[in-house]
Amino acid sequence: MSIIGLSLTITFQIATRKSRKTNPTVLLVSVCMCLLIFTLLFMLGVDNPHKQLEIPEIQEDNVLPPSDTHTERDRGPCTAVAVLLQYFLLGTFTWNTLYATHVFLMVRNSLATSPSHFTAYTVAIGWGLPAVVVALTLGISYRVDDPLGYRQEQFCWLAALDPKENFDFKLPMFWGFLIPVAFMLIFNTVVLVCFVVTTGKTNPHLTSTRHTSMKKKFLSSFSLAVVLGLSWVLGYLLLITHDQTMYTILNISFCVLTTTQGLQIFILFTARTAIVKKMMSSALKSVSSAGIPLHTRKFSLWRGKRSDNLESYTQQDTDLSFPPCSSQTSN
């Protein structure tokens with residue numbers, strides 16, 4: 001559902017970009033593209049086909065010396081998939097941050113269109129910043145003879161757990177993904193708070209239409225921040241939760257929210273737009289006005305003069321027959 005929703009949103013945003021001159025099409029399409037590619041990669045390639053099946057279990061009281069450990073050299077596409085997953089998921093949050101920043105700048109400066117050169121800056125930051133983070137993560141933690149310093153063995157994702165299956169803050173999952181995402185979530189929160197303060201102030205130069213437009217921009221930015229941010233806030237809470245019941249609730253909520261992000265974006269930015277509502281209304285009217293055609297037939301009958309004509313009446317489309325008239329009625 002998320003893949004279909006993201007694909008429809010991208011198609012809709014591109015096809016209707018001319019009729020939505022004030023909406024940041026490039027930003028939203030980039031968010032959807034990153035999330036769509038991440039979802040496809042996660043579904044198709046997150047499982048490592050070359051994983052080591054026999055991994056020694058370490059008891060809590062035992063200490064395994066480094067000389068007894070052995071790690072296979074990197075092989076297969078697992079590391080490449082982990083790199084792409086990290087890049088596109090970081091790209092999703094980066095473009096979300098740029099989206100919120102764009103809306104805030106437009107409202108603060110009372111602009112109807114994007115600032116000059118803003119698109120060029122956003123493209124450079126949106127695609128460049130995640131690449132820098134991924135490059136630093138690889139350069140610090142990845143080795144060909146020890147790929148598990150960067151990624152996991154069973155799944156093609158960033159390394160997060162130590163040999164005893166405990167979360168390790170020294171591994172790339174924490175400082176190569178969670179820390180950058182946390183900074184972006186905090187930045188989005190600050191931007192939204194500033195947005196509320198800015199829109200709350202009365203500006204006498206704003207018309208009611210302009211004020212309504214500002215509210216719509218705020219709602220769109222806030223909705224996108226909630227869709228992408230709320231699920232990962234639950235993910236952070238999972239790291240500090242020790243109660244098993246609460247952990248299960250947060251885990252299920254995290255899975256549901258993250259896997260349906262594409263569907264939520266489709267509902268917020270495509271299904272609820274005025275263009276789609278108008279199309280749906282027209283379609284419903286055309287369906288309701290369609291009726292079943294009735295087959296009708298006309299008959300014309302009149303009396304003719306008594307002459308040498310062979311017929312005394314005319315008929316169309318069918319033959320009419322009459323019962324014989326009695327002598328009383330023939331007069």
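For the numbers below, each heavy atom of this structure counts, side chains included, while hydrogens, waters and symmetry mates do not.
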Flag if over 12 foreign heavy atoms under 6.0 Å of CZ, F155: no
C34 SG to W127 CH2 distance, which is reported to the nearest 0.5 Å: 3.5 Å
Within-4.5 Å side-chain heavy-atom neighbours: Y150 and L138: yes
Residue pair T241 / L237: nearest heavy atoms and the distance that separates them: OG1-O, 2.5 Å
Atom pairs and distances, side-chain donor-acceptor, residues 165-181, under 3.5 Å, sequence neighbours left out:
{"residue": "D168", "atom": "OD1", "partner": "K170", "partner atom": "N", "Å": "3.0"}
{"residue": "W175", "atom": "NE1", "partner": "K170", "partner atom": "O", "Å": "2.9"}
{"residue": "W175", "atom": "NE1", "partner": "L171", "partner atom": "O", "Å": "3.2"}

Ring center gap for F42 and W157 short of 6.0 angstrom: no
Spacing of T97 atom OG1 and L185 atom CG [to the nearest 0.5 Å]: 7.5 Å
Shortest non-hydrogen contact from A100 toward N188: CB-OD1, 4.1 Å
Student check: side-chain heavy atoms of F254 and W232 closer than 4.5 Å: yes
Point-to-point distance, once rounded to the nearest 0.5 Å, from OG1 of T9 to CG of L35: 10.0 Å
I4, CD1 atom: more than 12 neighbouring heavy atoms under 6.0 Å: no
Co-membership, hydrophobic cluster, residues L8 and I37, 4.5 Å side-chain: no
Over all atoms of both residues, closest heavy-atom pair of L27 and W95: CD2-CZ3, 3.5 Å
Donor + acceptor pair across side chains of S231, T258 (<3.5 Å): no
Nearest-0.5 Å distance, CD1 of residue I267 to CZ of residue R272: 9.5 Å
Joint hydrophobic cluster, L28 plus L268, side-chain heavy atoms closer than 4.5 Å: yes
Check against side-chain contact (heavy atoms from CB on, under 4.5 Å), T122 and H102: CA-CA 9 Å; T122 55; H102 173 267; 5.9 Å; no
Donor on one side chain, acceptor on other, T25 and R17, under 3.5 Å: no
Minimum side-chain heavy-atom gap M184-N96 below 4.5 Å: no
Donor-acceptor contact present, side-chain Y99 to main-chain T94, <3.5 Å: no
CD on Q264 to CG on L6, rounded to 0.5 Å: 10.5 Å
Non-neighbouring partners of C78 that pass disulfide bond (SG atoms under 2.5 Å apart), sequence neighbours left out: C156
Nearest heavy-atom neighbours spanning I125 and P130: O-CD, 3.7 Å
Residue pair S2 / Q261, side-chain donor-acceptor N/O under 3.5 Å: no
Single-linkage hydrophobic cluster, 4.5 Å side-chain cutoff, V144 and V134 together: yes
side-chain contact (heavy atoms from CB on, under 4.5 Å) between V276 and T273, worked out: CA-CA 6 Å; V276 174; T273 58; 3.3 Å; yes
Charged N-O contact under 4.0 Å between D74 and R143: no
Candidate pair L41 and V46, rule side-chain contact (heavy atoms from CB on, under 4.5 Å), full reasoning: CA-CA 7 Å; L41 286 172; V46 72; over 6 Å; no
Check: K277 and S281 side chains under 4.5 Å, non-hydrogen atoms: no
Pair D243-Y247, side-chain contact (heavy atoms from CB on, under 4.5 Å): steps then yes or no: CA-CA 6 Å; D243 182 71; Y247 182 86; over 6 Å; no
Spacing of R151 atom CZ and L158 atom CG [to the nearest 0.5 Å]: 11.5 Å
Single-linkage hydrophobic cluster, 4.5 Å side-chain cutoff, M43 and V81 together: yes
Common cluster, L98/V132, ILVMFWY with side-chain heavy-atom separation under 4.5 Å: no
